[in-house]
Amino acid sequence: MSTEFAEHSSEQQILQPGVGAPSAVRRYWHPTDKDWISVPAHGNQPTTAKLQSFGYQAPTGPQFYVSLIGSGDMVEVFRWWHPVDKDWIDMPAGMATDAQMTAWGYQSKTFQYYAFPTQRPGTVAVHRWWHPADKDWLTVRAGEFTDAQLQTFGYQSKTFLFYAFAQQAPTQEPGYFALSTPQKSVLSPVSWSGEHDHPHTFSVLDVNPAQAPSINGGFRYLGYFGHHECAGLGIARTNDLNTTAWTQSPTPLFSGTGERWGCALLNPDSTIGLVHNVYWCGGNPDGSAYYIVGRKSTDGVNGTQFTSFVPLVKETTVNNGNPTLFRDPATQTVYLYWFREAGGRKEIRVKSAASFDALLQTDPADLGTLVAYSRDVVAAPHVIKVGSLYYLAVETLEQTNVWKTRVLTATSPTGQFFELPTGPVYGNGSACVFQHVFDNTLHSYYCNEGNPGVGDWTLDHVSAPLA
């Protein structure tokens, strides 16, 4: 049975949320410019090789650990370049306005990472120090040097910046699950999508455990797949979640209005709730951005006929996409998670209702609760609950064109969510992860781009025992 929930076994270890962070920050020295720069190992930040090509020397060991994805009251940290002093300075948001920084001669504002404005367990203070002779700001974690040492080196003007984790994690626990070797291409392009619009997302339900011939064509599992472009949504069926190839419908379930990113949920009244995007590829007749809709099956758990769609999240000029559903086993509350493209910041949001029927009645102008965000790409949220923790999988776009999957955990479906210190997971090129729990086993279906930026997507599957 599909529950999106499993209990931890007695042997399974749980890495609690917010005890560490995944990304090491290392310090590099440029002997010609006499400039120290501290750079995180994530996102689209320059690699060690790139920095060395700019004249920086090999880095020191990790100074501290930070996150690419923010939540709650975490603070954005930028760096700014001063071309006269030939110096990079670390600057948390709110410490000075952009106008002030520009007036002081700084330029090239660059997002780096998220840290904490106040101390939490495992974090230490991070300061910067000024060297007047070198005209250089140095970023230093508490415990790296004493104040007396730095003053002896010629530094002054100690300035508090933020708090960050002194270590990546307090234990060796992985924090996620032991994923199997991927099964590649469990879905294929179909005649109605064309060979170049590949299956991209896959939401699976256990609708017929007894495999009754009158339900779902006698198949146990029913899946809804979408494409990386806008060919539409289709249906696939199987009796074996580990099959190398599902039986795919020869005709689309929905097409013609830019349908994309379908996610389904079993309802207590033996119907199926479905959410998806419309007008993802443009063509919205009212001229607004792409948006999120919902609809309900009219043929029970067969899930082949649905009501007309109703808007669930819609704004005139702001794109809202990647909708997914989760029913909390503790309360039966239904949650809708999605991605919002909010100008220079990418957001993960959630809103909820007592039932899927009630969700269909919510105001599409209601933007719910902000649960995660980043200046870099963060999208494609999907949540499951295992034991006492909620696991939020999201996709990021890093190293220019490499898709990655990062997982955040929380003790509540609305957060605060924190990145797993052991992320990213699922391997390079992996995105749009749909996590499912069937019979105490995790089954994740996700898209994988074999060559960055090429678009050679496959729809792959991994599993992991949960008990």
Side-chain angles (χ1 to χ4, degrees), residues 4 69-71 200-203 224-228 230 233 254 257-265 273-281 284 288-296 309-328 333-343 345-353 356 358-374 376-385 390-397 403 405-408 410 412-417 431-436 446-447:
E4 307 303 310
I69 301 167
S71 64
H200 202 64
T201 61
F202 199 31
S203 178
Y224 296 91
F225 64 93
H227 294 81
H228 79 282
C230 293
L233 303 181
F254 300 115
T257 53
E259 294 90 348
R260 195 173 186 266
W261 215 277
C263 185
L265 183 74
L274 181 68
V275 295
H276 58 86
N277 270 122
V278 288
Y279 304 111
W280 181 277
C281 295
N284 191 335
S288 63
Y290 62 75
Y291 60 97
I292 297 167
V293 300
R295 55 174 98 212
K296 186 177 178 180
F309 68 69
V310 297
L312 294 181
V313 182
K314 184 178 182 181
E315 296 180 85
T316 302
T317 60
V318 178
N319 289 324
N320 289 273
N322 303 160
T324 57
L325 295 167
F326 168 70
R327 178 178 282 111
D328 190 345
T333 301
V334 174
Y335 291 87
L336 171 67
Y337 295 86
W338 76 95
F339 152 78
R340 180 173 183 262
E341 192 170 2
R345 187 172 77 169
K346 312 303 187 291
E347 299 179 344
I348 303 300
R349 289 186 166 269
V350 62
K351 68 178 181 179
S352 63
F356 185 77
L359 184 68
L360 293 176
Q361 301 301 314
T362 58
D363 183 356
D366 175 11
L367 297 181
T369 301
L370 177 67
V371 295
Y373 46 83
S374 184
D376 282 4
V377 171
V378 57
H382 195 276
V383 170
I384 56 171
K385 186 180 184 185
Y390 298 85
Y391 292 79
L392 166 64
V394 297
E395 67 184 21
T396 58
L397 185 58
W403 290 99
T405 294
R406 293 178 179 268
V407 175
L408 298 83
S412 161
T414 57
Q416 189 174 359
F417 281 94
C432 47
V433 172
F434 279 55
Q435 308 168 103
H436 306 80
Y446 62 97
C447 57

### Task
Could you list all the salt bridge (charged side-chain N to carboxylate O under 4.0 Å, His left out) pairs where at least one residue sits in residues 358-367, not counting sequence neighbours?
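Those involving residues 358-367 do not exist here.
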Can you tell me how far [atom2] of [Y] sits from [atom1] of [X], rounded to the nearest 0.5 angstrom?
X: K314; Y: I292; atom1: NZ; atom2: CD1; value: 12.5 Å
X: Y373; Y: R345; atom1: OH; atom2: CZ; value: 6.5 Å
X: L265; Y: F356; atom1: CG; atom2: CZ; value: 7.5 Å
X: N322; Y: H382; atom1: CG; atom2: NE2; value: 11.5 Å
X: K346; Y: I69; atom1: NZ; atom2: CD1; value: 12.5 Å

### Message
With side chain to side chain contact (heavy atoms under 4.5 Å, CB included) as the criterion, how do V313 and R349 come out once you've worked through the C-alpha distance, each side chain's angles and the decisive distance to 0.1 Å?
### Response
CA-CA 11 Å; V313 182; R349 289 186 166 269; over 6 Å; no
### side-chain contact (heavy atoms from CB on, under 4.5 Å), paired with P413, selected from V383, D328, V371
D328
Heavy-atom closest contact ([X] atom, [Y] atom, distance):
X: G294; Y: L360; value: C-CD2, 3.6 Å
X: S352; Y: T333; value: CB-CG2, 3.7 Å
X: L274; Y: Y224; value: CD1-CG, 4.3 Å
X: S203; Y: A264; value: OG-N, 3.0 Å
X: L233; Y: G262; value: CD2-N, 3.8 Å
X: V318; Y: A289; value: O-CB, 3.4 Å

Do [X] and [Y] have side chains that get closer than 4.5 Å, going by heavy atoms?
X: L392; Y: V407; value: no
X: V378; Y: I348; value: yes
X: F339; Y: N277; value: no

### Query
Side chains of N320 and W338: is there a donor and an acceptor less than 3.5 Å apart?
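N320 vs W338: donor-acceptor pair found between side chains.
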### Query
Can a donor-acceptor pair be found between the side chains of E315 and T317 at a distance below 3.5 Å?
no
### Message
Would L408 and V394 count as a side chain to side chain contact (heavy atoms under 4.5 Å, CB included) here? Give the steps.
### Response
CA-CA 8 Å; L408 298 83; V394 297; 3.8 Å; yes
Any donor and acceptor pair, going by atom type alone, linking the side chain of [X] with main-chain N or O of [Y] inside 3.5 Å?
X: D376; Y: L397; result: no
X: H436; Y: F434; result: yes
X: K385; Y: F326; result: no
X: T257; Y: V278; result: no
X: Y337; Y: P323; result: no

### Message
Can you classify the ring geometry of Y291 versus F309 as parallel (below 30°), tilted (30 to 60°) or perpendicular (above 60°)?
### Response
perpendicular
### Message
Going by ring-ring contact (aromatic ring centres under 6.0 Å, His included), Y290 matches just one of Y279, W280, W261. Which one?
### Response
W280
### Task
Let me see the working for L370 and E347 under side chain to side chain contact (heavy atoms under 4.5 Å, CB included), right down to the final yes or no.
CA-CA 7 Å; L370 177 67; E347 299 179 344; 3.6 Å; yes
### Task
Could you list the residues that satisfy disulfide (SG to SG under 2.5 Å) with C432, not counting sequence neighbours?
C447
### Message
Applying side chain to side chain contact (heavy atoms under 4.5 Å, CB included) to V293 and H276, what does each step give before you reach the verdict?
### Response
CA-CA 6 Å; V293 300; H276 58 86; 3.4 Å; yes
